[in-house]
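Take a look at the structure set out below.
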Amino acid sequence: MVIQNYHPEEPLNALFKECYFIQMEKGAEVKSIPVIDDCCYDLVFFKEANGTLSYGPQSTVLPIHKKVFTIHGLQPPYRIEVADGLTFFTIKVQPWANGHFFSDIRGIGVIDIANEGLGNLWQALFSATTLAERFRLAEEFMQSHPLDASPSMTLVREICEYVYGNQGKVTVNELSERFGRSRQYLGKVFKKEVLYPLKKFIITVRILDLVKYKAQHPEISLTELGYLYDYFDQPHFINDFKKVCGVQPMYFFNNLPEFMLRHV
């Protein structure tokens, strides 16, 4: 399996945080890719437009017969399954840009978002012969969709960056005090721009930072890891971990997927 990713520099990192290319050859041993909901919506381009998405504790299966799509409103864990080879490219937008790109989404599941512009980008991405060209095409597309930096979006970006900078080890009350807004106001504007509740975003950032730390420090115990990230009782830690990753931490780290290692 080929996994290549790219992180944009300023000013494009205000629009998207990453794009990555994955290619699974026919006959490959690996037939699935785990997907973790990091509260950043994705523009996903499937070359073959053929596969399935399993989600939730019962591994409910949805077919993927779309060239360009995003995933919306499903319960983790997620896993993309393929019967044969698969090639896809993903643009992961910044959380404060979710509403900018996806506020019109309706329904839940694998949502078809193909339009003329994205259809043309799909064609260009899979006609390209190098990764550098694909990443350039993604940049050009994102440059053509600049943000309208409204006051609410600017505030939400500051909140997101503060939560990231503190590894998710913050509370809504602390954010309310820091930004001089009520909890209710922050919750309302955050949901409008990010399309996720603020508390869910905080938990997600904390757990994903914790996953990265554990991958870099495999010797640390789960108890120590929990304390390091302000979890002072194991049930709370396990509950938050399952909300984000869909499985218990012991199972997750004993089966740490190659796809997740791109974050390390």
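- Around atom CD of Glu219, more than 12 heavy atoms belonging to other residues, nucleotides or ligands sit under 6.0 Å away.
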Exercise. Which is it for Leu53 and Val61 under the side-chain contact (heavy atoms from CB on, under 4.5 Å) test, yes or no, and what are the steps along the way?
Worked result: CA-CA 6 Å; Leu53 175 75; Val61 176; over 6 Å; no
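- Atom CZ of Phe46 sits about 4.5 Å away from atom CD1 of Ile64, to the nearest 0.5 Å.
- For the atom pair CG of Leu131 and CZ of Arg136, the computed distance is 13.0 Å after rounding to the nearest 0.5 Å.
- Remark: the backbone N or O of Val205 is not paired with any side-chain donor or acceptor of Asp209 at under 3.5 angstrom.
- A distance of 6.0 Å or more separates the ring centres of Tyr55 and Tyr78.
- The shortest distance between side-chain heavy atoms of Asp42 and Ile91 does not fall below 4.5 Å.
- Residues Tyr20 and Ile113 are members of separate hydrophobic clusters, defined by side-chain heavy-atom contacts under 4.5 angstrom among Ile, Leu, Val, Met, Phe, Trp and Tyr.
- Listed here is the closest heavy atom pair of Ile105 and Tyr41: CD1-CE2, 4.1 Å.
- Counting only heavy atoms from C-beta outward, the side chains of Gln94 and Leu15 never approach each other to under 4.5 Å.
- The pair Asp112-Lys67 fails the salt-bridge criterion, with no side-chain N (NZ, NE, NH1 or NH2) lying under 4.0 Å from an Asp/Glu carboxylate O.
- A cation-pi geometry, defined here as NZ or CZ lying under 6.0 Å from the six-membered ring centre and within 45° of its normal, holds between Arg206 and Tyr231.
- Note that CG of Leu86 and CD of Glu48 are 5.0 Å apart. Values are rounded to the nearest 0.5 Å.
- A side-chain donor-acceptor contact under 3.5 Å links Lys214 to the backbone of Pro218.
- Ring pair Phe201/Tyr164: centre-to-centre distance below 6.0 Å.
- Under the rule for a side-chain contact (heavy atoms from CB on, under 4.5 Å), the partners of Asn120 that lie at least two apart in sequence or sit in another chain are Glu116.
- Without hydrogens or angle criteria, Ser176 side chain to Val172 main chain gives no donor-acceptor distance under 3.5 Å.
- Atom-to-atom distance recorded for Leu137:CG and Glu139:CD is 10.0 Å, nearest 0.5 angstrom.
- Lys191 places none of its side-chain heavy atoms less than 4.5 Å from the side chain of Leu198.
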Exercise. Should Glu174 and Arg178 be marked as a salt bridge (charged side-chain N to carboxylate O under 4.0 Å, His left out) after you check the CA-CA gap, both sets of side-chain angles, and the distance that decides it?
Worked result: CA-CA 6 Å; Glu174 290 169 357; Arg178 177 173 180 83; over 6 Å; no
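- Here the shortest heavy-atom pairing between Ile111 and Arg106 reads CD1-O, 3.8 Å.
- Using cut-offs of 30° and 60° for the angle between ring planes, the Phe21 and Phe89 rings count as tilted.
- Lys243 and Pro76 get closest at one heavy-atom pair: O-CG, 3.2 Å.
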Problem set entry | Worked check of side-chain contact (heavy atoms from CB on, under 4.5 Å) between Asp37 and Val244 | CA-CA 7 Å; Asp37 183 357; Val244 176; over 6 Å; no
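- A salt bridge between Arg157 and Glu161 is present, with a side-chain N of the basic residue lying under 4.0 Å from a carboxylate O of the acidic one.
- Put simply, Phe69 and Phe16 are part of two different groups of oily side chains (I, L, V, M, F, W, Y) that touch within less than 4.5 Å, one to the next.
- In this model, a donor atom of one side chain and an acceptor atom of the other lie less than 3.5 Å apart for Ser152 and Ser150.
- Within 6.0 Å of OH in Tyr251 there are 12 or fewer heavy atoms belonging to other residues, nucleotides or ligands.
- In this structure, Tyr213 and Tyr229 have perpendicular ring planes: the angle between them is above 60°, well past the 30° mark.
- A distance-only check finds no donor-acceptor pair linking the side chain of Glu158 to the backbone of Leu155 [under 3.5 Å].
- Scanning both residues, His100 and His145, for their nearest heavy atoms gives NE2-O, 3.3 Å.
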Problem set entry | Check against side-chain contact (heavy atoms from CB on, under 4.5 Å), Cys40 and Lys17 | CA-CA 9 Å; Cys40 300; Lys17 64 188 308 180; 3.6 Å; yes
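- With a 6.0 Å radius and a threshold of 12 heavy atoms from other residues, nucleotides or ligands, Lys66 has its NZ atom above the threshold.
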Problem set entry | Pair Arg79-Ile33, side-chain contact (heavy atoms from CB on, under 4.5 Å): steps then yes or no | CA-CA 5 Å; Arg79 186 171 291 272; Ile33 297 172; over 6 Å; no
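- Separation of atoms CD (Gln167) and CD1 (Ile202) is listed at 14.0 Å; rounding is to 0.5 Å.
- Met142 and Phe45 end up in the same hydrophobic cluster when Ile, Leu, Val, Met, Phe, Trp and Tyr side chains are linked at under 4.5 Å.
- Contact between Phe102 and Leu195 at its shortest, heavy atoms only, is O-CD1, 3.9 Å.
- Checked by atom type, the side-chain pair Asn98/Tyr196 shows no donor-acceptor distance below 3.5 Å.
- Summarising the geometry of Ile36 relative to Cys245, their closest heavy-atom pair is CD1-SG, 3.9 Å, with the distance given to 0.1 Å.
- Hydrophobic cluster membership is shared by Leu43 and Val194, with clusters built from Ile, Leu, Val, Met, Phe, Trp and Tyr side chains linked at under 4.5 angstrom.
- Aromatic ring centres of Phe241 and Phe253 lie closer together than 6.0 Å.
- Considering only heavy atoms from C-beta on, Leu186 comes within 4.5 Å of Ile159 through its side chain.
- Using modelled atom types, no side-chain atom of Asn166 and backbone atom of Lys169 make a donor-acceptor pair closer than 3.5 Å.
- The local environment of OH in Tyr227 is sparse, with at most 12 non-hydrogen atoms from other residues, nucleotides or ligands closer than 6.0 Å.
- Ring to ring, Phe135 and Tyr6 are close: their centroids are under 6.0 angstrom apart.
- A single hydrophobic cluster is not seen to contain both Val93 and Leu74; linkage of ILVMFWY side chains at heavy-atom distances under 4.5 Å, directly or through other members, places them apart.
- One distance of note links CG of Leu175 with CZ of Arg181; it measures 12.5 Å at 0.5 Å rounding.
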